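To start, the structure under review is shown below, and the notes come after it.
Keep in mind that this is a model prediction, so the values were computed, not measured.
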Amino acid sequence: NGSFDTIIATELLEYLNDIKQALEEIHRVSKENSSIILSIPFLHPVHGDYWHDRQRLTATKITEISEELGFTILEVIPMGSVGAVIFDILKVSFGFNYIIQLKIN
């Protein structure tokens with residue numbers, strides 16, 4: 001409890017089933033007045049490890065969850081651009097397939 005001054009979680013929350021539980025744990029292990037830096041994709045296609053990729057959060061939703069847990073949001077900074085999103089969509093569209101292998105018992 002209360003062990004860390006700074007916690008960095010980049011491109012993590014989209015993989016979790018229960019984001020609130022993860023943020024509760026971050027809150028538990030953070031010292032008072034510590035810094036927590038999160039990076040969360042929003043307008044990004046499903047990741048290459050699609051079997052683990054779960055969700056996208058708006059800034060509003062992550063702010064609601066964070067404030068409910070007692071965090072103070074200092075700043076939400078959008079990153080990327082329309083061009084970056086279009087590039088990602090095109091990149092994925094031309095090189096991403098689902099491969100599903102089934103075995104009948």
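The hydrophobic clustering, which links ILVMFWY residues whose side-chain heavy atoms are closer than 4.5 Å, places Ile19 and Ile73 apart. Phe71 and Val29 fall within the same hydrophobic cluster, where Ile, Leu, Val, Met, Phe, Trp and Tyr residues are linked whenever their side-chain heavy atoms come under 4.5 Å apart, directly or through other members.
Heavy-atom neighbours of Asn33 CG from other residues, nucleotides or ligands within 6.0 Å: at or below the threshold of 12.
The two residues Thr6 and Ser34 come nearest to each other via the heavy atoms N-CB, 4.5 Å. Considering every non-hydrogen atom in both Arg28 and Asn1, the closest pair reads NH1-OD1, 2.5 Å. Between Leu12 and Ala9, the closest heavy-atom pair is CD2-CB, 4.0 Å. The heavy-atom pair separating Ile40 from Glu11 by the smallest distance is N-OE2, 4.1 Å.
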Problem set entry | Steps toward side chain to side chain contact (heavy atoms under 4.5 Å, CB included) verdict (Ile62, Leu13) | CA-CA 10 Å; Ile62 195 67; Leu13 297 180; 3.9 Å; yes
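Side-chain contact check for Ile36 versus Leu23: every heavy-atom pair is 4.5 Å or farther apart. Contact annotation: the side chain of Leu69 never approaches that of Ile26 to less than 4.5 Å [non-hydrogen atoms, C-beta and beyond].
The distance from the NE2 atom of His27 to the NZ atom of Lys20 is 12.5 Å, given to the nearest 0.5 Å.
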